[in-house]
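What follows is one structure encoded as structure tokens, with my remarks underneath.
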Number of protein chains: 2
Amino acid sequence: MFDSKLILSEKKISKTKFRTDLLTLFYNSKKSLSVEDILIFFNYSVNKATVYRSLESFESKGLIHKVPDNYNHKRFSICKEINCAVNSYDNNHGHFICYICNQTFCLDDMPIPSINSIKGYDIHELNLTAKGYCESCK
Amino acid sequence: MFDSKLILSEKKISKTKFRTDLLTLFYNSKKSLSVEDILIFFNYSVNKATVYRSLESFESKGLIHKVPDNYNHKRFSICKEINCAVNSYDNNHGHFICYICNQTFCLDDMPIPSINSIKGYDIHELNLTAKGYCESCK
DNA sequence: TTTATAAATGCAAACTAGTTGCATTTTTTT
DNA sequence: AAAAAAATGCAACTAGTTTGCATTTATAAA
């Protein structure tokens with residue numbers, strides 16, 4: 001299992017009640033989370049600026065990674081790897097966004113092809129995003 | 001060559017001076033265009049609301065297609081196919097965004113693998129976006 | 001060509017996600 | 001227990017985008 005407080009310690013992030021609960025929420029959630037999802041979960045008892053700042057902290061320490069979102073809003077998933085690539089979409093796998101529920105899923109089974117360059121472009125990152133109907137919505 | 005007025009007629013879009021010039025700009029541009037790019041080109045002589053509404057019109061008629069943007073701003077390219085998939089990124093090819101100039105290029109040479117489903121997800125669209133350094137910036 | 005109908009435009013105001021400054025509180029370090 | 005550092009709440013702000021409405025321009029009908 002995971003121990004949110006221990007993980008926050010290791011990453012040198014202050015163990016406030018909110019950040020501990022937020023990290024636990026990420027570990028327990030099978031879904032990616034938007035700022036709105038988080039505010040709803042905490043019944044708007046936390047300030048949105050705090051949410052944004054916590055997410056930025058978690059992301060910069062490699063605890064969570066950005067995932068694409070149908071509305072181009074900020075959305076994150078827990079990193080399955082110990083240390084995620086910082087400040088970019090996790091580039092190990094593709095993502096899937098459902099037309100109906102707008103949920104973003106990590107497709108661990110869909111590895112991204114490794115292409116280093118094409119027609120003169122020097123490629124450093126490659127993101128693969130699928131859209132359609134997820135298991136519960138189709 | 002192309003005839004912007006004829007194309008607007010075919011798509012049943014009013015042939016105003018601005019829309020004709022805008023479509024011509026798209027046809028002449030090797031680059032994708034953001035709202036800001038367009039405002040600059042027209043020296044801010046057109047209202048931004050008009051730009052947004054024209055882009056929406058062009059996109060819904062399949063004349064232009066959305067491309068990914070480093071800042072999540074609206075950005076479009078002319079459709080090379082006669083009828084683009086409406087209201088989505090053109091899904092025939094990948095896109096490349098340059099770290100330096102933030103320009104988005106269509107990678108016609110990078111076809112997107114055809115995957116219909118994976119692990120229970122019903123895939124209807126697949127977008128591939130690369131980032132790195134473009135020819136002029138590297 | 002004139003008339004009427006529909007679509008496009010400009011402007012200002014509104015909307016919304018996200019950010020920032022600052023005073024206060026909480027956590028960590030010593 | 002005291003000092004230093006980090007996190008929080010709040011309000012104000014930013015910037016891209018959208019909307020309502022009156023006016024102008026383009027299209028279709030007579």
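Chain identifiers are assigned alphabetically (A, B, ...) following the order of the sequence lines, protein sequences preceding nucleic acid strands; residue numbering begins at 1 within each chain.
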Distance, rounded to the nearest Å, where [X] contributes [atom1] and [N] contributes [atom2]:
X        : N      : atom1 : atom2 : answer
B:Lys5   : D:dA26 : NZ    : C1'   : 11 Å
B:Ile38  : D:dG16 : CD1   : P     : 14 Å
A:Asp21  : C:dT26 : CG    : P     : 16 Å
A:Lys74  : C:dT16 : NZ    : C1'   : 14 Å
A:Tyr44  : D:dC10 : OH    : P     : 15 Å
A:Lys11  : D:dA7  : NZ    : P     : 15 Å
A:Asn102 : C:dA17 : CG    : P     : 14 Å
B:His73  : C:dA17 : NE2   : P     : 15 Å

(message) Are A:Phe76 and A:Phe58, when compared by the centres of their aromatic rings, separated by less than 6.0 Å?
(response) no
(request) State, yes or no, whether a side-chain contact exists between B:His65 and B:Cys106 at a heavy-atom distance under 4.5 Å. (result) yes
(message) Measuring only between side-chain heavy atoms, which start at C-beta, is B:Leu63 closer than 4.5 Å to B:Ile13?
(response) yes
(request) Answer yes or no: does atom OH of B:Tyr71 have more than 12 heavy-atom neighbours from other residues, nucleotides or ligands under 6.0 Å? (result) no
(request) Check for a donor-acceptor pair, side chain of B:Ser54 on one end and backbone N or O of B:Thr50 on the other, with a separation under 3.5 Å. (result) yes
Restricting both atoms to N or O, compile the protein contacts to nucleotides 7-10 of chain C shorter than 3.5 Å, with distance only.
from   : atom 1 : to      : atom 2 : distance (Å)
C:dA7  : O3'    : B:Ser14 : OG     : 3.4
C:dA8  : OP1    : B:Arg19 : NH1    : 2.9
C:dT9  : OP1    : B:Thr16 : OG1    : 2.8
C:dT9  : OP2    : B:Arg19 : NE     : 2.9
C:dT9  : OP2    : B:Arg19 : NH2    : 3.1
C:dT9  : OP2    : B:Ser54 : OG     : 3.4
C:dG10 : OP2    : B:Asn47 : N      : 3.1
C:dG10 : OP2    : B:Thr50 : OG1    : 2.9
C:dG10 : N7     : B:Arg53 : NH2    : 3.2
C:dG10 : O6     : B:Arg53 : NH2    : 3.0

(request) Would you give the length of the straight line joining atom OG1 of B:Thr24 to atom CG of B:Asp3, rounded to the nearest 0.5 angstrom? (result) 8.5 Å
(message) Please tell me if A:Tyr52 has a side-chain N or O lying less than 4.0 Å from either OP1 or OP2 of C:dT19.
(response) no
